[in-house]
S.K.: 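Here it is: the structure, laid out below.
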Amino acid sequence: MKPIPENQQQALVARLMNACGGSYSPETRRKYFISGPQWAAAYQGQALFHAPTRPAIGFEEILRKYAEIGIGYWATHDTDVIPTEALGKDAQWEIVDRIQKALGENGVKCSMVTTETFHHAVWAAGPAAEAPGVRDYAAFRVRNTVDIGHHLGAGFAVYWPGSLGYYVQGAIDETDSLRWYAEAINAACERDIEVARQKGRPVLKHCLEAKPFEPQAEILLPTSDAMLAFIASGLLTHPEMVGLNPEYLHELMWGAAPRAALARALLAGKLFHFDINDGYRLKHDVDIGIGLVNPLDWLKVLVLLRSHGYNGPFNLDFKPPRTTSQFGVFEVSFPTAVDRFITLWEMAGEVISDPIIKEATDALKAGGEVADSAGAEALTKANRELLTLHELIAHRLVQILLGVHRGRVYSV
Ligand code: XLS
Ligand code: MG
Ligand code: MG
């Protein structure tokens, strides 16, 4: 192969993207509640030990690109665009007005705001640190984020407490930290009730996001289930306003089945928001685009969510790989992530209406014919042949993923 000159590389990528075919139109993409985070598009490819690979990019350009792709919603941390020192000051509101203008010009809505309680040195001991001054500052930050959220028309506020956890056990009392953490969430909810009343808007949905490890140290609330217990602990003054923002990979990271974690959140009525991405079990939070690693599992996850009428946001909380250029971020990374999501969502619909899966599921639920007082042996025998349907359903799911049910054949 001849080397490809630099000035021909974008054209090559664009031509091959076209050859992939099957992309959805921006109008179709906008029909879904898909949000693009500011930080995902602005991610420059840096990592612990690794330098950035892409130039910086501002929110105006990101919103323009999201609009072109057909990503109709945008999410941001308070400090993604606003410098930390400007927070709560006039300078903040000038920037927020610029954001609002750019959102309006591009027809993109702000769906979610989240407070950065992990990056700045002030959070060295976490947002629920011993020092009362730090905790007062954390309360200010979450209340201020609520103000920004209402101003921009958001419906959701997310809280991810940070990835490092605490390095030394025994130096803090974990019950104190949890109480203090609850105080910050309470401050946000109370401010929300006040602002929502003033503005005649509904209150926000406050969503806790868990991550087990980066891996670094010990984490107080490492999983969505721990967050559920925290919500029900009695520490929150408005538990009805607080739910979850599970992230697909964060559940996989600790070795869980994301679908099972989502089922538990659904049953508790707490699946408010969902960060979508992909990656590997028991490794770093690599935030790969949805469906690039576990498309079959993703199909099953979306079957569950479609079956239960989940109608919250699907937030593209992934990181375009370090190897993807700035051009590639908006020509390949985001559009293909959106399109894989929509394709898998459509396939989930096919699974739900598939006559084979339906008949097999109904038969399993009907169970075998057996006399009322049958014992263990008779029950085993009565259901013995039906249970093969579990494997048959799994096979059918793979067929639907591969398109075999639509005529794809294995041939050489
Ligand atoms: C980090 C989290 C973060 C949250 C928002 O791992 O996923 O991006 O979603 O702070
Ligand atoms: Mg996330
Ligand atoms: Mg992640």
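Both ligands and their constituent atoms are indexed starting at 1 by order of listing.
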S.K.: Would you list the protein N, O or S atoms within less than 2.8 Å of the Mg ion (ligand 2), leaving out water?
M.R.: Glu209 OE2, Glu247 OE1, Asp275 OD2, Asp317 OD2
S.K.: Do the ring centers of Phe334 and Phe318 come within less than 6.0 Å of each other?
M.R.: yes
S.K.: Pairs under 3.5 angstrom, nitrogen or oxygen on both sides, ligand 1 versus protein: list them out, please.
M.R.:
| unit_1 | atom_1 | unit_2 | atom_2 | d |
| --- | --- | --- | --- | --- |
| ligand 1 | 6 (O) | Lys211 | NZ | 2.7 |
| ligand 1 | 6 (O) | His250 | NE2 | 3.4 |
| ligand 1 | 6 (O) | Asp285 | OD2 | 3.0 |
| ligand 1 | 7 (O) | Glu209 | OE2 | 2.7 |
| ligand 1 | 7 (O) | Glu247 | OE1 | 2.7 |
| ligand 1 | 7 (O) | Asp317 | OD2 | 2.7 |
| ligand 1 | 8 (O) | Trp39 | NE1 | 3.3 |
| ligand 1 | 8 (O) | Asp317 | OD2 | 3.0 |
| ligand 1 | 9 (O) | Glu209 | OE1 | 2.6 |
| ligand 1 | 9 (O) | Glu209 | OE2 | 3.0 |
| ligand 1 | 9 (O) | Asp275 | OD2 | 3.0 |
| ligand 1 | 9 (O) | Asp317 | OD2 | 2.8 |
| ligand 1 | 10 (O) | His77 | NE2 | 2.6 |

S.K.: Indicate yes or no: does Arg191 engage Glu194 in a salt bridge with an N to O separation below 4.0 Å.
M.R.: yes
S.K.: Between Arg143 and Glu190, does any side-chain N to carboxylate O distance fall below 4.0 Å?
M.R.: no
S.K.: Please confirm whether the ring centroid of His77 lies under 6.0 Å from the ring centroid of Phe118.
M.R.: yes
S.K.: Which label fits Trp345 and Phe314: parallel for a plane angle under 30°, tilted from 30 to 60°, or perpendicular past 60°?
M.R.: perpendicular
S.K.: Go through the steps to decide whether Lys101 and Glu105 satisfy the test salt bridge (charged side-chain N to carboxylate O under 4.0 Å, His left out), and finish with yes or no.
M.R.: CA-CA 6 Å; Lys101 185 160 168 279; Glu105 281 168 3; 3.2 Å; yes
S.K.: Can a salt bridge be assigned to the pair Glu350 and Arg406 using a cut-off of 4.0 Å between side-chain N and carboxylate O?
M.R.: yes
S.K.: How is the N/O/S atom of Asp287 that comes nearest to the Mg ion (ligand 3) named?
M.R.: OD1
S.K.: Parallel, tilted or perpendicular for Tyr32 and Phe341, by the 30°/60° rule?
M.R.: perpendicular
S.K.: Using side chain to side chain donor-acceptor pair (under 3.5 Å) as the criterion, list what pairs up with Asp297, not counting sequence neighbours.
M.R.: Tyr248
S.K.: Please identify each residue that fulfils side-chain contact (heavy atoms from CB on, under 4.5 Å) with Phe140, with sequence neighbours left out.
M.R.: Leu87, Tyr137, Asn144
